[in-house]
**Q** 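This is the structure I have questions about; it appears just below.
Convention: sequence-line order gives letters A, B, ...; per-chain numbering from 1.
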Amino acid sequence: MDLDMISYLAKLSKLNFTEEELKKAAADMTSIIDIMDTIKEVDVVYNPLADNKNMYLKDLREDIAKDSMETEKILQNAKHSDNCFVVPKVVE
Amino acid sequence: MDVSQLKIRQLREMLDKKQISAAELADEYIKRIKKYDEKLESYITVTEEIAKEQAKTAQERINAGSASALTGIPIAVKDNICTEGVKTTCASRMLENFVPPYNATVMEKLNSENIVMLGKTSMDEFAMGGSTQTSAFAKTKNPYDLNRVPGGSSGGSAACVSAGLAPAALGSDTGGSIRQPAAFCGVTGLKPTYGRVSRYGLVAFASSLDQIGPIARDAHDCALVLNAIAGCDSRDGTSSRVAVEDFTAKIGMPVKGMKIAVPKEFYAEGIDSVVRDSVLSAAQKYKDMGAEIVECSMPSLKYAVAAYYLISSAEASSNLSRYDGIKYGHRSSKGDSYGELVCNSRSEGFGEEVKRRILLGNYALSSGYYDAYYGKAMALKQKIRAEYEEIFKICDVILTPTAPSVAYGINENITDPVKMYQADICTVTVNIASLPAISTTCGYDAKGMPIGMSIIGKHFDEATIIQVADAFEKNFEAVPPKMV
């Protein structure tokens, strides 16, 4: 895997890497992809219908509104202010 | 009193007969944790005060004569299971200070039995690994040899049970994370059928594969814990409505006439001879008990590791996208824009192996590669399921090694991700096929390290694999680790 590809994946993953880390990640991913490539030799096709045979839509629970978690609890693990999550300025 | 090797049933009897109080029992384990865990590092958080409080309530229930199977029983909990008010770190810097505002369903169920929680156990970061050496906080050791790994990812849970720092623990299993550490640490670990136990409150790794299950001193104790945690949950749409039976119901029934499959690929090259010989010797013991050993084949096993890593990493890359540093989890002090803050928080919070899985998952899902990798892996998942179905047409259970080797030395494998991934060959197909499996000790190598074998069952047939494991355990002399 080349550095362009690993940089693209890092961007998709929202992860920062130093130049050194990128080189190591590229080398690791190359060996990992080598194992993953073994599946290319198998002649199989995915059948999406077969995976859904155990899903029973009739079993869904009733769509009834219930009390949700208190705002205070939802915010307890976050930087917050005035009952809202705090984020960096998004709009100039 | 030495509680280190006592089973849940023995503790139950002692509690009910008032030979020990719930508080005294909790105290015995807390004392052992204080004495041994500095070296073992099986716990990330010890909840001594909570244990004392819970022991009081449990004792009231015992005194009232309304105790259930687990009332007053001390239990440890893997640190990826949400515990209200108690830090749940997933062994990651990302969740170092995360205090869940709610309990996982399994915790609600255990609390309704009035268990006594001893603490939260270490694991590989976000359950990604088989050594517990990727933990950001406690790199657990193997109680049989402190220079070796306990396995993983539920290494803390397996090690603390093995060393007698808890009689039972909860783990989670996405590709072998209950069974392999149970094998490495000489205890019994049960991965239930997918959907048997609610995943609500289990920090998600790969949602189509994850399942919570017990690690205990034997199969019977695993059944008692499974009895308490199994069942449909409206908060987990993938939990099953299949009726929950008494998982101890078949214990003691003979295995005579039972057909036990031995798929040849699980005993081929890559499996250490000491492991192969030990599991085949266990097969012979079943034969001596009157079971029939049936040789069979699983041709797709050689593709299982690739299929597993593609599916699990794809799901992980999606699941872990929720960690943005905003709603909970590590928030970087650097970043002037929203995008920068997210990237910095994730880069500082996640460890190397987690980042590797996210990269792999995004690769498998990215445009131009999706069909070749993720699509093909999903097709292989169906093929592996079909191969299991064929075997189960003629057999009752399947017997395999749990891991290709005994526990390896600390720092071996961990620097080589390929070697680390390939070590999962014996366990991943069970998750791919959503089946239940139990690992129990079947022997020891020349250095006294435990060897585990797995008994795989049909969907929702946990009672039978518990019966089969129990039949072996009753005729096997387990050797506890020397450190206890």
**Q** Check side chain to side chain contact (heavy atoms under 4.5 Å, CB included) between B/Ile81 and all other residues, then give those that pass, not counting sequence neighbours.
**A** B/Val77, B/Lys78, B/Ala104, B/Val106, B/Met107, B/Leu170, B/Leu202, B/Ile212

**Q** Applying side chain to side chain donor-acceptor pair (under 3.5 Å) as the test, list every pair that has at least one member in residues 318-338 of chain B; sequence neighbours left out.
**A** B/Ser207-B/Asn319, B/Asn319-B/Arg322, B/Asp324-B/Lys327, B/His330-B/Glu348, B/Ser332-B/Glu348

**Q** Tell me the closest heavy-atom pair linking A/Ile39 and B/Ala377, and the distance in Å.
**A** CD1-N, 3.9 Å

**Q** When you compare the side chain of B/Tyr309 with that of A/Ile32, does any pair of heavy atoms fall below 4.5 Å?
**A** no

**Q** So how far is it from A/Thr38 OG1 to B/Leu380 CG, rounded to the nearest 0.5 Å?
**A** 8.5 Å

**Q** Could you look at A/Lys24 and say if it's the side chain, the backbone, both or neither that has a heavy atom under 4.5 Å from chain B?
**A** side chain

**Q** Are the side chain of B/Gln382 and the backbone of A/Asn47 linked by a donor-acceptor contact shorter than 3.5 Å?
**A** yes

**Q** Taking atom NZ of B/Lys355 as the centre, does the number of heavy atoms from other residues, nucleotides or ligands within less than 6.0 Å exceed 12?
**A** yes

**Q** What distance separates B/Arg356 CZ from A/Leu15 CG, expressed to the nearest 0.5 Å?
**A** 13.0 Å

**Q** Considering only heavy atoms, which portion of A/Val45 lies under 4.5 Å from any heavy atom of chain B: side chain, backbone, both, or neither?
**A** backbone

**Q** Sub-4.5 Å heavy-atom contacts with chain B: which residues of residues 66-73 of chain A show up?
**A** A/Met69, A/Lys73

**Q** Checking B/Ile358 against chain A: side chain, backbone, both or neither under 4.5 Å from a heavy atom?
**A** both

**Q** Taking every non-hydrogen pair under 4.5 Å, which of B/Tyr102, B/Phe98, B/Tyr303 racks up the most with chain A?
**A** B/Tyr303

**Q** Could you tell me which non-hydrogen atom of A/Pro88 sits nearest to which non-hydrogen atom of B/Gly335, and how far apart they are?
**A** CG-O, 4.3 Å

**Q** A side-chain contact here means heavy atoms from C-beta on lying under 4.5 Å apart; do B/Val418 and A/Ile35 qualify?
**A** yes

**Q** Answer yes or no: is there a side-chain heavy-atom contact under 4.5 Å between B/Leu359 and A/Phe17?
**A** yes

**Q** For B/Lys383, is it the side chain, the backbone, both or neither that has a heavy atom under 4.5 Å from a heavy atom of chain A?
**A** side chain

**Q** What residue in B/Val305, B/Leu310, B/Asn97 has the most heavy-atom pairs under 4.5 Å with chain A?
**A** B/Leu310

**Q** Side chains of B/Tyr373 and A/Asp37, heavy atoms from C-beta outward: is any pair under 4.5 Å?
**A** yes

**Q** Using a heavy-atom cutoff of under 4.5 Å, enumerate the residues of residues 75-83 of chain A that contact chain B, numbered in order, or state 'none'.
**A** A/Gln76, A/Asn77, A/Ala78, A/Lys79

**Q** Considering only heavy atoms and a distance below 4.5 Å, find which of B/Ala307, B/Gly195, B/Gly375, B/Ser234 pairs most often with chain A.
**A** B/Ser234

**Q** Looking only at atom types and distance, does a side-chain atom of B/Lys376 sit under 3.5 Å from a main-chain N or O of A/Lys40, one as donor and one as acceptor?
**A** yes

**Q** For B/Glu352, is it the side chain, the backbone, both, or neither that has a heavy atom closer than 4.5 Å to a heavy atom of chain A?
**A** side chain

**Q** So do B/Tyr363 and A/Met36 actually touch side chain to side chain, heavy atoms under 4.5 Å?
**A** no

**Q** Does some side-chain heavy atom of A/Val42 sit less than 4.5 Å from a side-chain heavy atom of B/Ser300?
**A** no

**Q** Of the backbone (N, CA, C, O) and the side chain (C-beta and beyond), which part of B/Tyr374 lies under 4.5 Å from a heavy atom of chain A, both, or neither?
**A** neither

